[in-house]
Amino acid sequence: MKRRIDWRPYVAGALVGVLATVSVVVTTRVLGKTHFLGASTTFVRAAGFVEQAAAPDHVRQNPYFAKEKIKIDWQFMLIAGIFIGALAASILDGSFRLEAVPPIWRERFGDSVALRAAGAFLGGIVAMFGARMADGCPSGHGLSGLMQLSVSGFIALGCFFGAGVLMAAWVYGGKGGRR
Amino acid sequence: MSEHWLGLITGIAFGALLQQGRVLRFEKQVAAMRLEDMTILKFMMSAILVGMVGIHAAVALDLAALSPKATQLGANVLGGILFGLGWAVMGFCPGTSVGAVAEGRWHALFAILGMMVGAALYAEAYPRLEKTLLAWGNLGKITLPGVLGLSPWAVIPAVAAVFLLCFVFFEKQGL
C-alpha cells in the first residue's frame, strides 16, 4: 500500500455522490419532481427530434416516443451541461487533446479513422438498443440505481460489466495480451 | 425554465467531475473491461458510496423520494448484456460520449450518432417487446432493503464494506 495512490477518481467520484444528493434534494424542492442522474433517455429524445423532422406522423404514432415524450427536459440539459463542463475542465487543466483513434484501438486495428468510426457507430447502435431495453445506462442504472439500492441497478450493472469484459477480451485480445 | 437551468448547471458540474476523474476516455473505459485499470470502477463506486448515504439521508429527512427503476429480469439481463457488448467496441457510455467529444476525442461523435440510431431502432422494436420481453420477470420497483426486509441503514454499511474492500484490492494489485 506504500505505492502512490492516485486519489483523483475517488475524489471526483465522491463529489459526484455529493452532486447527486444535492440535485435530488434541490429538484424535489424547486421542481416538485425528484430527478436522478441519467443519460440514455436523452438519446431517445434526440433521435425523436431528428425523426420528427423527416416523418412526423410516424413518430406521433410510435408508442415508445409517446411514452418517453420528445422534449427538451432536465436530463437533456444535463447532457448539454456535461459537454460544457468537460470542455471547460479539459481546457483549464490542459488535458484537452484531439484524438481520432485511441491507442488501445490502434494497437489492435491500426490507424484507420474510418474503421474506428465504424466501430464507435456500430457499438453505439448495439449499446443504446441494449440500454433502452434494460431501461438505463451506467449513469441511470449504475450510479442512480445503486445509490437507491435498486435491484434492477445491481442486475444491469453486473450485466454491463460482465458482457463488457468478455467482449473486450475477444475484441482486443485478452488481458494485456497485445501490449 | 428553472428546470432547464437546473439541469444545465448540474450537467456542467457533472461533466467537469467526469473529466477530472479521467473517466470520459476510451482508454479508461476499455482498460476497466480488460481488468487492467479500475479507474472507472473507483469513480463509480465512490460516487455510489457517497450518494447512497446522501440520498437515503435525504429520504429519511423527507427531502426527497426514491424512484427506483422497475426490475424486469428479462429486459435488465438481455438489455444489459447487449449494452456491454456494444460498450466494449464503442469505448464510451451514453453520458461520457458527450464529454469525450468535449475533451477533443472526436471519434466519440460516431458513437453518439450510433446511439441515436440505436435509440430509434429500439423505438421501432418497442411495440413488439412490450408484451413479451419487457413483461418477463417483471418484479416491479424493488430495492435490496425491501427484498431483504431490512432497513436501508442495515444494507448501506454492508455495501460500503464490500466497496471499501474492493478499493483496497484494486490498490494492492496496482489496478
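Predicted, not measured: the structure shown is a model, and the values here were computed from it. All heavy atoms count here, side chains included; hydrogens, waters and symmetry mates do not. Naming: A, B, ... by sequence-line order, numbering from 1 per chain.
Hydrophobic clustering of Ile, Leu, Val, Met, Phe, Trp and Tyr side chains at less than 4.5 Å, counting indirect connections, keeps B:Leu85 apart from A:Leu166. Linking Ile, Leu, Val, Met, Phe, Trp and Tyr whenever their side-chain heavy atoms come within less than 4.5 Å puts B:Phe14 and B:Val101 in one cluster.
Interface residue B:Ala125: only side-chain heavy atoms are found under 4.5 Å from chain A. Using a 4.5 Å cut-off between heavy atoms, B:Leu24 touches chain A through its side chain atoms alone. Interface residue A:Arg116: only side-chain heavy atoms are found under 4.5 Å from chain B. Contact annotation for A:Val113: only side-chain heavy atoms (C-beta onward) come within less than 4.5 Å of a heavy atom of chain B. Contact of B:Val53 with chain A is not made at all, since no heavy-atom distance falls under 4.5 Å. Both the backbone and the side chain of B:Glu124 come within contact range of chain A, with heavy atoms under 4.5 Å apart. If you measure heavy-atom distances from B:Ile48 to chain A, the contacts under 4.5 Å come from both the backbone and the side chain. Neither the backbone nor the side chain of B:Leu49 comes within contact range of chain A; no heavy atoms are under 4.5 Å apart. B:Phe26 touches chain A through its side chain: at least one heavy atom from C-beta onward sits under 4.5 Å away, while N, CA, C and O do not. Residue B:Thr96: no heavy atom, backbone or side chain, is found under 4.5 Å from chain A. Looking at A:Ile91, there are no atoms closer than 4.5 Å to chain B (heavy atoms on both sides), in backbone or side chain. Interface residue B:Leu78: backbone and side-chain heavy atoms are both found under 4.5 Å from chain A. Interface residue A:His58: only side-chain heavy atoms are found under 4.5 Å from chain B. Residue contact with chain B, scored on non-hydrogen atoms closer than 4.5 Å, involves the backbone and the side chain of A:Leu98 alike. With a threshold of 4.5 angstrom between heavy atoms, B:Val23 does not approach chain A through any atom at all. Interface remark: B:Leu133 contributes side-chain atoms only to the contact with chain A (heavy atom separation under 4.5 Å).
For the options A:Ala117, A:Ala20, A:Gly162, A:Gly142, heavy-atom pairs under 4.5 Å to chain B are most numerous at A:Ala117. Ranked by heavy-atom pairs shorter than 4.5 Å toward chain B, the options A:Ala131, A:Ala46, A:Pro138, A:Ser144 are led by A:Pro138. The choice from A:Met128, A:Met167, A:Met147 that makes the most heavy-atom pairs within less than 4.5 Å of chain B is A:Met147. When each of B:Lys141, B:His107, B:Arg22 is scored by its heavy-atom pairs under 4.5 Å with chain A, the top score falls to B:His107. Chain B forms more heavy-atom pairs under 4.5 Å with one residue of A:Lys33, A:Arg45, A:Gln75, A:Lys67 than with any other, namely A:Lys67. Across A:Asp73, A:Val11, A:Val50, the residue that shares the most heavy-atom pairs under 4.5 angstrom with chain B is A:Asp73. Counting heavy-atom pairs closer than 4.5 Å to chain A, the top residue among B:Gly91, B:Gly86, B:Gly7 is B:Gly7. Between chain A and the options B:Ser67, B:Ala120, B:Ala65, the largest number of non-hydrogen pairs under 4.5 Å is found for B:Ser67. Per-residue counts of heavy-atom pairs under 4.5 Å with chain A were compared for B:Gly54, B:Ala119, B:Ala47; the largest is that of B:Ala47. For chain A, the option among B:Ala70, B:Ala16, B:Gly95 with the highest count of heavy-atom pairs below 4.5 Å is B:Ala16. The candidate with the highest count of non-hydrogen atom pairs below 4.5 Å against chain A, out of B:Val117, B:Leu66, B:Leu134, B:Leu18, is B:Leu66. Most heavy-atom pairs under 4.5 Å with chain B: of the set A:Val18, A:Ile84, A:Val44, A:Leu19, this distinction falls to A:Leu19.
Interatomic distance, B:Thr39 OG1 to A:Asp6 CG, rounded to the nearest 0.5 Å: 6.5 Å. The distance from the OG1 atom of A:Thr21 to the CE atom of B:Met52 is 11.0 Å, given to the nearest 0.5 Å. Atom CD1 of B:Ile40 sits about 7.0 Å away from atom CZ of A:Phe161, to the nearest 0.5 Å. Atoms SG and CZ, from A:Cys137 and B:Phe83 in turn, are 6.5 Å apart once rounded to the nearest 0.5 Å. Note that OG1 of B:Thr71 is 10.5 Å distant from CZ of A:Phe154, once rounded to the nearest 0.5 Å. A distance of 10.0 Å separates CZ of A:Phe121 from CE of B:Met116, quoted to the nearest 0.5 Å.
More than 12 heavy atoms of other residues, nucleotides or ligands shown are found within 6.0 angstrom of CH2 on B:Trp153. Surrounding CZ of A:Arg106 are more than 12 heavy atoms belonging to other residues, nucleotides or ligands, all under 6.0 Å away. For B:Asp62, the CG atom counts as loosely surrounded, since its 6.0 Å shell holds 12 or fewer non-hydrogen atoms of other residues, nucleotides or ligands.
One N or O on the side chain of B:His4 and one on the backbone of A:Ile72 form a donor-acceptor pair closer than 3.5 Å. Remark: side-chain polar atoms of B:Gln20 are not paired, donor with acceptor, to backbone N or O of A:Arg8 under 3.5 angstrom. Under a 3.5 Å cut-off, the side chain of A:Tyr172 and the backbone N or O of B:Ala88 do form a donor-acceptor pair. In this structure, the side chain of B:Asn76 does not engage the main chain of A:Ala156 through any donor-acceptor pair within 3.5 Å. Side chain of A:Asn62 to backbone of B:Ala123: a donor-acceptor contact under 3.5 angstrom is found. With hydrogens and angles ignored, the 3.5 Å screen pairs no side-chain donor or acceptor of B:Lys69 with any backbone N or O of A:Gly153. At distances below 3.5 Å, not a single donor-acceptor pair connects side-chain atoms of B:Glu171 with backbone N or O atoms of A:Ile5. Not one N or O on the side chain of A:Arg132 forms a donor-acceptor pair closer than 3.5 Å with the backbone of B:Leu121.
You'll find the side chain of A:Met133 reaches within 4.5 Å of the side chain of B:Tyr122, heavy atoms only. A heavy-atom distance below 4.5 Å is found between the side chains of B:Ile55 and A:Phe36. Contact of the A:Ile104 side chain with the B:Arg34 side chain is registered, since non-hydrogen atoms from C-beta on lie closer than 4.5 Å. Put simply, the side chain of A:Pro103 reaches to within 4.5 Å of the side chain of B:Glu27, judged on heavy atoms. Contact check for B:Val59 versus A:Gln148: no side-chain heavy atoms found under the 4.5 Å cut-off.
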Run B:Val89 and A:Val171 through side-chain contact (heavy atoms from CB on, under 4.5 Å) and show every step you take.
CA-CA 7 Å; B:Val89 179; A:Val171 173; 4.1 Å; yes
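Each of B:Thr10, B:Leu6, B:Ile9 was scored for a side-chain contact (heavy atoms from CB on, under 4.5 Å) with A:Ser23, with one residue passing: B:Thr10.
The six-membered or imidazole ring of B:Tyr126 lies near that of A:Tyr64, with a centre-to-centre distance under 6.0 Å.
Nearest heavy atom pair, residue B:Phe43 against residue A:Val16, reads CZ-CG2, 3.6 Å. A pairwise comparison of heavy atoms in B:Ser97 and A:Phe43 identifies OG-CZ, 3.8 Å as the closest pair.
Donor-acceptor pairing under 3.5 Å is lacking for the side chains of A:Ser95 and B:Glu103.
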